[in-house]
Amino acid sequence: MGMQNILPFYSQNGSINGIQRGLNFGSAHATIMNHGSQSYQSVNQQLRQVFDSLQLLQLQLSEDRALSFIKSSIFYLCFGKDDFIELLQNASGTAKQNSTDQEFAHILADQMIHVIRNLYAMNVRRIICMGILPLGCTPRVLLNQYNSTAQPHDDDDDVARGCVEEINVHVLEYNRELREQISQLHVELPDAQLLFCDIYQGLSEIINNPQQYGFEDVKSACCGLGMYGAEVGCLSKDMACDKEASHVWWDLYNPTQAVNSLLADSAWSSNPLPICCPMNIQEFFTASV
């Protein structure tokens with residue numbers, strides 16, 4: 001895209017030039033829901049920051065120039081993972097919890113659509129929305145599955161496959177619901193350009209066929225200690241393994257740079273994995289407004 005490093009929202013100090021170069025409203029961990037944690041921002045807090053930034057544009061530029069800039073700008077949304085992690089950390093594992101998890105997935109998807117509508121009301125017209133990766137395949141979830149088994153052993157079906165399907169079902173439901181509602185918005189908001197990128201499918205393909213994409217370890221975190229590198233999280237890069245590029249997972253819940261680069265290439269050009277619809281980001285970037 002030819003863009004320089006994008007400044008965090010808190011670094012632009014009300015500078016119109018900073019806004020015009022692009023802003024990163026997600027420089028801190030953020031969730032869709034407000035969980036009451038001081039460690040996270042909610043998406044509504046970030047929406048407020050977007051609103052304030054666009055107001056500043058309108059004050060310092062002419063109305064026509066500001067409107068043209070806003071409508072041609074691309075907004076990238078990537079939320080939901082930390083909401084599910086928060087839920088997992090408080091899950092009870094009962095049948096009632098499974099039902100609640102499914103309802104939670106729908107609530108999160110509805111909230112993301114609400115975010116898109118709010119951005120549209122601010123005259124934003126170009127939005128890329130990312131799905132959630134397969135959290136059931138992350139090292140911490142595998143460790144929790146191992147520890148929760150009455151007689152833990154590595155040939156547990158989920159552990160052997162490298163993914164806990166019970167968790168992934170709910171993530172899939174969120175992705176499916178979000179994708180379907182975005183498709184409906186194409187009809188409702190015909191002048192909006194909306195893109196959905198399915199990180200889940202891309203990462204699942206890598207996990208299922210690691211050698212095809214140059215990876216060896218699909219279960220253990222490169223940076224961490226203990227079983228699956230997930231008993232102690234990544235406190236320092238000094239804890240990292242020697243062969244990061246051979247690992248799918250960097251730490252408890254996040255992929256390595258090698259995986260992120262492959263997924264970024266896929267989102268940009270559909271090569272090697274077609275994960276975005278109705279087009280890839282390169283086509284989206286060059287599409288007329």
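Residues Phe104 and Phe84 bring their aromatic ring centres within 6.0 Å.
Residues forming a disulfide bond (SG atoms under 2.5 Å apart) with Cys276 (at least two apart in sequence, or on another chain): Cys197. Residues satisfying the side-chain contact (heavy atoms from CB on, under 4.5 Å) criterion with Val232, sequence neighbours excluded, are Leu225, Leu235, Met239.
Figure legend: Arg125 and Tyr120 shown as a cation-pi pair, the cationic atom lying under 6.0 angstrom from the six-membered ring centre and within 45 degrees of its axis.
Atom CD of Gln49 and atom CD of Gln45 lie 7.5 Å apart (nearest 0.5 Å). Asn175 contributes atom CG, which lies 9.5 Å from atom SG of Cys129 (distance to the nearest 0.5 angstrom).
Within 6.0 Å of CD on Glu63 lie no more than 12 heavy atoms contributed by other residues, nucleotides or ligands. The environment of Glu188 atom CD is dense: over 12 non-hydrogen atoms of other residues, nucleotides or ligands sit within 6.0 angstrom. Annotation: His114, atom NE2; neighbour count of heavy atoms from other residues, nucleotides and ligands within 6.0 Å does not exceed 12. Residue Arg176 qualifies as enclosed at atom CZ: its count of foreign heavy atoms under 6.0 Å is above 12.
A salt bridge does not link Glu231 with Arg140: every distance from a Lys NZ or Arg NE/NH1/NH2 to an Asp or Glu carboxylate oxygen is 4.0 Å or more.
A pairwise comparison of heavy atoms in Leu135 and Ile85 identifies CD2-CG1, 4.2 Å as the closest pair. The shortest heavy-atom contact between Lys81 and Ile132 is N-CD1, 3.9 Å.
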Please test Asn147 against Asn144 for side-chain hydrogen bond (donor to acceptor under 3.5 Å, both in side chains), starting from the C-alpha separation and ending with a verdict. CA-CA 5 Å; Asn147 289 338; Asn144 290 344; 5.0 Å; no

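Taken as a pair, Cys223 and Cys241 fail the criterion of an SG-SG distance shorter than 2.5 angstrom.
Put simply, the side chain of Val141 reaches to within 4.5 Å of the side chain of Tyr253, judged on heavy atoms.
Taking the six-membered ring where the residue is Trp, Tyr228 and Tyr146 present perpendicular rings, their angle passing 60° and hence far from 30°.
Without hydrogens or angle criteria, Gln89 side chain to Glu86 main chain gives no donor-acceptor distance under 3.5 Å.
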